[in-house]
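These numbers come from a predicted model, not from an experiment. Numbers here simply count residues along the sequence, with the first being 1.
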Amino acid sequence: MSIQTTTSYHEGAYLSLMRGLKELDINDPSVPCDLVLNGDNAFPLAINSQGQVLMAASRYGRGKIVVLGHESYLYIFPDLVENAVTWLRGKGSDNLTVGVHNYIKAVSDNLIKSGFKAKVVGSFSDSREVSVYVTDAYGVEEDAIDLVAFLKAGGGVLIAGQAWHWASTNPNENTLLQFPGNKVSGVAGIYFTARYGKVEILPVSPQIPSSWMTLRVREDFEKDLLILLQGVSEFDLTGGMLPSEALIHGPLAFPIGTTEDGRPFLAGSYYGRGRVVVITHEAPLGLQSLAPFWKNAINWLDQGRKGVVGVEPNLNLLSTSGLKYEETAFRKDLSVFVCTAYGDQHVEEIQDFVAEGGGLLIGGHAWYWAQSHPGKNPMTDFSGNKILNTLGLSLMAATIPGGSYKATVPSHAMTYTYHFRNLLRDFAHHVKQGKKLSKDEEEHLEKLGMECSNFLMMKSYGSYSYTQVLSILTDILKKLGMPQVSEENPVKSPKDHLLLRLGKDVYDVSPDPEALLPFLIKDNAMPFVYNRKVRISTTTADKNEWISTGLYLYPGMKTEMIIPANIVNKNWTIQIGCQTDYLPHEELKRAKSVCKQFPVTAEKMQVWNLWGGLIYLVAPPNTKVEGAEVRVQIAIPAPYYKSGVTTAADWLLLRNAPAPWAEFEFDNVILTVPSDVVRNLERTDEVAALWNGIMKGIADLAAIPQTFSRKERFVADVQISAGWMHSGYPVMITTYSAAELFKPDEARTEGLWGETHELGHNQQRSCSEFRPNTTEATCNLWSVYVHEEVLGLNRAKAHPMMTPTNRKNSVDEYVKGGKKLSDWTVWVALETYLQLQGKFGWDAFKKVFAAYQRMSNFPTENDAKMNLYAVTFSKIVGMNLSAFFKAWSWPINRATEEKLCNLPPWSDHPMLKYD
């Protein structure tokens, strides 16, 4: 459904129901009860100043229902009743017959005056061919099954009452499930509760009323937890399993099992007349150690019916536990259905099954699906969430470490602290009324931000609860704005972190993003161009590849891209932004995540990014495209230089292009930096020569083709995820280092150790690496090689640790410490390789790397890999290097020594002096 269609349905229904009403005077001796709204379809008609819902409406199946929080409202508000019956009957129905229960027969007089045919009956079973049935909430128990069927088939129900008196006379009963009215209204997600509603005069809003105060989870699930956790002391999630984290977002959902810091892996929920339990990995369903819990859970889900428990085939639910069940696909006649989260064949049937009283036990995780379906939305596309979202629970891509977790002592505080709605309500209270955040509330803001992100990803615009949360978050952002984060104005507080995250997440799903944008981004306009054409030719190997367009979108700017048909639905992606690092830092100089991707699923794509960014096409692995034309409707030109295409004269014009990011594409590397760094650059040919030489040197030592299968990328960012620079695609560097990329003379006198170090990381291969020992060591081989062979800079001047004194000190310290292999790291480990290079030269390394490229079936353990390396290097140089490597404490075994015994030994290796 579109946002407009689903929103207009609820709003249209509300306007019909409240037509002609200016206020609702419930300042009356009659005390209503608070109503709880659950699921996708229920929405409020009247909310008091305490955030209590006193009247509501919903749909179930093809029918509709209106619920009033006290039966007296059937008489006090005849116009509302008339509106309700008219709406419930539906526009297309000619049937004016309304069934009225005889306990409220006075309602029939008003309906007759309004032109309806009122039929007073003793029970619903006496009603025939009515379009609407009007009743109080007290005498419907015997008719509940028939009324639900009537509702599902398209009938209308108007029901009124309060549950606080019934609850006081039935203190041991479960009001949500056992109160007579809830056996009808509950299937549609509206519940009478035992809480008194405050009486007052309520103005009738022109839109569906909303209040941040309705977010509070008011139900106490302590009794449920006592049943579920009886005899359970811990949850064993060891054995290599990696559960997902659950999102608990429904007002009748609650945590059952959590980590010590409150991340749930086990949760329950009421939905309609039924119940749900979700475990965020399927493996625990078969664990004997959890048999007591599963027995409790199934009994809780069964609700005392002692009905048939159906288990999805091959799930093997505790086959040795004594639990009785049938292996079966989903059937409507089951009492409890147990399944994994990996199938979506019966989504609506399972939801109706639960709504009408069934129990659902479901297990599974979403993280693997999310990782293996890049570009997909796990909250909407993952099969388990297609079932669970509506039930008030979801599986997130975030993971929980395997371990043994103690069962929490059941309490209302447990439910309150870890529930998404309560966390959001606390923050809204702070924003709306200035309530100071407690230390605990501040500590939970990061969790709230993560859960808001996932909740908003559901894009459930047909759900009132979703649109309500979206509206509340939008109001918060309009009131507080979003921090204008920058290097000069870093964001530090948990509150600002949250607002920074919410700004992007709310903007991306907002039905009116243009109205929200001024509250998020200031001063973002730039001159733009229209209808730019970009030619794409690429042949990718086993990795994806960014293809630059030379175009930019300013923050919040939207554009339309026309994509050639031959790359639609072929795993291509449009990417807005070059800064792909996710920042984990407490102090942020930019938002944590500022890159946005759109899977190419249509020939016409609208794209945007709240943070703006360069526009890329991302080609998937193993694909070939020649001369495809992409058209960009509107964008900002960026300074973009491409070797062999851009002339020196062209560059003098292009360097002034208005976009704040510039790109330089050379033979084997692309440099992306803030435009200010290169506005005055003139000799692009010299920069090209520098980087073409560096990349040729990288390829030479690695013994790979001179033309890279994928050009390396550098991106300079104001802040990166780790270190001063780090490897990857792209290599990330800080903006402080950006200028040195474009200074050839300085590179040849002062070096580029950090950049070549990261390029060396990108050349490391696990088959010849001994992690963690060599992780930060062998990458420096490329630094040394490039500085000496390409830049003409002696290694002693390229890095302070490369001076003869420091190199000797590294070895001396290693020997003095007993030559323990655990100390053989970084500069010490590098020295081993440099001693080999000093004797056998760089050609030996090139031949070794080439030899590894011809090998297959590599060992995985370091000991075996080190022996393989010793054999390989020895054979390449024609000399037995066993003694040398053993002198460095490598675990050279007898088999290796025997393989090399026919080669002459390296009898004067540099480590002999330490024996």
Side-chain angles (χ1 to χ4, degrees), residues 9 13 16-17 35 37-43 45 55-68 71 74 80-105 107-108 111-112 114 116-161 163 176-192 271-274 332-333 348-349 351-358:
Y9 174 83
S16 296
L17 286 162
L35 304 175
L37 309 187
N38 194 25
D40 287 342
N41 296 320
F43 60 97
L45 302 177
M55 302 177 187
S58 187
R59 292 177 292 158
Y60 184 66
R62 291 158 44 203
K64 296 178 280 191
I65 187 170
V66 172
V67 180
L68 308 180
E71 65 273 19
L74 292 169
L80 174 61
V81 171
E82 180 183 345
N83 289 346
V85 172
T86 300
W87 180 72
L88 292 167
R89 184 172 65 89
K91 292 181 180 179
S93 174
D94 295 328
N95 187 355
L96 295 174
T97 304
V98 179
V100 179
H101 194 282
N102 60 14
Y103 287 169
I104 53 169
K105 60 184 177 181
V107 175
S108 64
L111 291 174
I112 291 171
S114 301
F116 293 101
K117 296 177 182 179
K119 181 180 180 181
V120 178
V121 295
S123 68
F124 178 70
S125 60
D126 297 330
S127 300
R128 293 291 183 270
E129 298 181 354
V130 300
S131 60
V132 178
Y133 186 65
V134 184
T135 181
D136 64 25
Y138 313 118
V140 295
E141 187 162 4
E142 64 182 30
D143 291 326
I145 294 176
D146 290 338
L147 268 172
V148 169
F150 169 72
L151 180 62
K152 192 173 185 179
V157 175
L158 172 58
I159 185 169
L176 290 175
L177 295 179
Q178 299 304 321
F179 175 65
N182 285 337
K183 295 185 177 183
V184 177
S185 64
V187 297
I190 304 175
Y191 299 83
F192 299 90
Y271 179 74
R273 294 174 58 182
K332 293 181 180 180
D333 65 335
E348 292 184 3
E349 294 96 326
Q351 291 169 345
D352 287 354
F353 166 75
V354 178
E356 293 172 26

Between Leu158 and Val98, does a side chain to side chain contact (heavy atoms under 4.5 Å, CB included) hold up when you go through it step by step?
CA-CA 10 Å; Leu158 172 58; Val98 179; over 6 Å; no

Given 3.5 Å as the limit, does a donor-acceptor pair link the side chain of Lys119 with the main chain of Val130, or not?
no

Go through the steps for Leu147 and Ile159 under the test side chain to side chain contact (heavy atoms under 4.5 Å, CB included), then give the verdict.
CA-CA 11 Å; Leu147 268 172; Ile159 185 169; over 6 Å; no

Nearest atoms (heavy-atom pairs only) where Ala84 meets Val66:
CB-CG2, 4.2 Å

With a 3.5 Å distance limit and no angle check, can you tell me whether Asn41 reaches the backbone of Gly189 through a side-chain donor-acceptor pair?
no

Any donor-acceptor pair under 3.5 Å linking the side chain of His101 with the backbone of Ser123?
no

4.5 Å side-chain heavy-atom contact, Thr86 and Ser16:
no

So, the side chain of Asn83 versus the backbone of Leu17: is there a donor-acceptor pair under 3.5 Å, distance only?
yes

Glu71 and Tyr138: side-chain hydrogen bond (donor to acceptor under 3.5 Å, both in side chains), yes or no, with the steps?
CA-CA 10 Å; Glu71 65 273 19; Tyr138 313 118; 2.6 Å; yes

Taking every non-hydrogen atom, the tightest pair across Ala118 and Val100
CB-CG2, 4.5 Å

Take a 6.0 Å sphere around CD1 of Ile112 and say whether it holds more than 12 heavy atoms from other residues, nucleotides or ligands.
yes

Tightest non-hydrogen contact, residues Leu35 and Ala56, listed as CD1-N, 4.1 Å

Take Tyr103 and Thr135, measure what side chain to side chain contact (heavy atoms under 4.5 Å, CB included) needs, and give me the verdict at the end.
CA-CA 8 Å; Tyr103 287 169; Thr135 181; over 6 Å; no

In Å and rounded to the nearest 0.5 Å, what is the OH to CG distance from Tyr271 to Leu176?
15.0 Å

Spatial distance of atom CZ (Arg62) from atom CG (Leu151) [nearest 0.5 Å]
11.0 Å

Quick check: are there more than 12 heavy atoms from other residues, nucleotides or ligands sitting under 6.0 Å from CD of Glu348?
no

Give me the atom names and distance for the closest heavy-atom approach of Lys183 to Ala144.
CB-CB, 3.9 Å

Please check if the side chain of Ser108 supplies one atom and the backbone of Val120 the other of a donor-acceptor pair under 3.5 Å.
no

Would you please test Asp352 and Tyr60 for side chain to side chain contact (heavy atoms under 4.5 Å, CB included) and show each step?
CA-CA 9 Å; Asp352 287 354; Tyr60 184 66; 3.6 Å; yes

Nearest-0.5 Å distance that lies between atom CG in Leu111 and atom CG in Leu96:
11.0 Å

With distance as the sole test, does Ser131 use its side chain to make a donor-acceptor pair with the main-chain N or O of Thr97 at under 3.5 Å?
yes

Taking all non-hydrogen atoms of both residues into account, name the closest pair between Phe43 and Ala13 and its distance.
CZ-CB, 3.7 Å

Of Gln351, Lys152, Lys332, which is the lone residue that meets side-chain hydrogen bond (donor to acceptor under 3.5 Å, both in side chains) with Glu356?
Lys152

Report yes if the distance between the aromatic ring centroids of Phe124 and Phe150 is under 6.0 Å, otherwise no.
yes

Does Tyr191 reach the main-chain N or O of Gly272 with its side chain, forming a donor-acceptor pair under 3.5 Å?
yes

Non-hydrogen atoms of Ser58 and Trp87 that approach each other most closely
O-CH2, 3.8 Å

